[in-house]
Amino acid sequence: MAYTDPGFDLACELGVATAATQIEGGRADTIWHRWAATGAARDGSGPDVACDHWNRIEEDADLLASLGIRHYRMGLEWARIEPEPGRFDAEALGHYRRELRLLRERGITPLVTLHHFNDPGWLSEEGGFLTADALPHFTAYTERVVSELGDLVDEWITVNEPNIFAYYGHLTGTWPPGRRSYRDLLAVYTHLAHAHLLAYGLIHRLQPRARVGVAMHLRVFDPVHQSNPLDRAAASSAEYLFQGALMRALCRGRFLAPLKQPKGVRPGRYYDFLGINYYSRSIVSGPNQLTASRVPVNDLGWEIYPEGLVRLARHYSTLYPGPIYVTENGTADAADAFRSRFLYDHLRAIATSDLPIERYYHWTFTDNWEWAEGETARFGLVELDFRTQQRTVRESGRFYADIIANRGVTPAAHARWVAQQRYRTNA
Ligand code: IFM
């Protein structure tokens, strides 16, 4: 696309987002470590290698600082902190304290995720979030973490993408625990939302000035034929089931059908920022969700649709007003052939909107262990050699650093990093 003025200023703060299981490496008894040990990831890899970040927190903090990054979204591994029910590991908590201090010393503000797709093995033996028994465990874990780390963190994400965790683990069965049941999907939605509501109240009791929210995976669902009322109805029901009903439960404590209001949950306001993870769009045709044809796509075949970010932010911030954090946005691009253009297009969409988007966290910092895709999908601003653990800043990483330094995209940066890049399109 040609612009008369390719540069723009950006009011929102930029950061990067990561998750514990995807970067730390080493052994922990979690559902994903157990699942990967069966060779189930696309390339047979597991999270025990990842980025060896557990042993490289200082090196990685230095690398973040060298790129001028001032906001870092990171996760905690519940199973490391609580390896057995009710037994909290002082060493693991001490490790996270050290990491948070390293970040703070470098002027980097952490945003910390309590649950990012991973349950301790012992919790899964009790049924995980399929049952309400998970709730007291999650609140005890939250209470311990916030009491121990709260002097270093005042921004929290309770749960990452509860809809994705529930869908793949409990409806399509492609992720652990590999279940395929609509009833289970709704149970997990309900318990994760309830866990968030409890944690929201608890964190505020412990830390009245904390900012707390959820990082919700939001997708655009467009009908295959806009003029066909049946297609439009199919798209809105897909949207409602994937995210709309759950957003209502998470943000307002209201569980509308097919969810059921849990006992003791009072409607209210349960978010201090609207956390949006945005990646792509689905085209809905009857019961099928497809990728549009002849559109730009990334290495995983996901449509690149920058306008969707602003469409979703506008829609959901009308329902749930307040500051917006884009808690994740990024793309799989092993060759770094279009990531700078992707960044440019999404940030430009933010910059030219009138939405109160305060933060943007790029997914992700270094290439990492991408769940079922293993080591094959490359989302990093920094390239990782999994064998040597060598980190090499990609050109898109340099572009991101330049945007941070200039609080926007300069025409020179556009000419250097964006102008030559083209997306590839699908058939
Ligand atoms: O890697 C994941 C992350 O854990 C959650 N959001 C989507 C990312 C890319 O698939």
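Nothing fancy with the numbering, it's 1 onward along the sequence. Counting starts at 1 for both ligands and their atoms, following the listed order. Small disclaimer: the values here were computed from a predicted structure and weren't measured.
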Could you list the atoms of ligand 1 found under 4.0 angstrom from a heavy atom of [X]?
{"X": "W371", "value": "1 (O), 2 (C), 3 (C), 4 (O)"}
{"X": "Q22", "value": "1 (O), 3 (C), 4 (O)"}
{"X": "E161", "value": "5 (C), 6 (N), 7 (C)"}

Does the pair [X]/[Y] count as a salt bridge with the N-to-O cut at 4.0 Å?
{"X": "D48", "Y": "R27", "value": "no"}
{"X": "E155", "Y": "R359", "value": "yes"}
{"X": "D62", "Y": "R106", "value": "yes"}

Fill in: ligand 1 contacted by H116 (non-hydrogen, < 4.0 Å)
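Yes.
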Worksheet item: Can you tell me the protein heavy atom closest to atom 6 (N) of ligand 1 and the distance?
Response: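 In this structure, atom 6 (N) of ligand 1 has E328 OE1, 2.5 Å as its nearest protein heavy atom.
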Worksheet item: To which protein heavy atom is atom 1 (O) of ligand 1 closest, and what is the distance rounded to 0.1 Å?
Response: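 Here the nearest protein heavy atom works out to E370 OE1, 2.5 Å.
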Practice prompt. Working to the nearest 0.5 Å, report the span between NE2 of H196 and CD1 of I157.
Written response: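 One gets 10.5 Å once the value is rounded to the nearest 0.5 Å.
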Practice prompt. Quick one: look at H217 and ligand 1, take heavy-atom pairs under 4.0 Å, and tell me if it's side chain, backbone, both or neither.
Written response: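 No part of H217 comes within reach of ligand 1.
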Practice prompt. Check whether any side-chain N or O of N406 sits under 3.5 Å from a backbone N or O of G408 as a donor-acceptor pair, and report yes or no.
Written response: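 No, the answer is negative, given that no donor and acceptor are paired below the 3.5 Å cut-off.
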Worksheet item: Between the main-chain N or O of D29 and the side-chain N or O of H33, is there a donor-acceptor pair closer than 3.5 Å?
Response: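 Judged by distance alone, no pair lies under 3.5 Å.
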Worksheet item: Just going by heavy-atom distances, which of W302, Y279, F379 is nearest to atom 8 (C) of ligand 1?
Response: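 Ranked by closest heavy atom to atom 8 (C) of ligand 1, first place is Y279.
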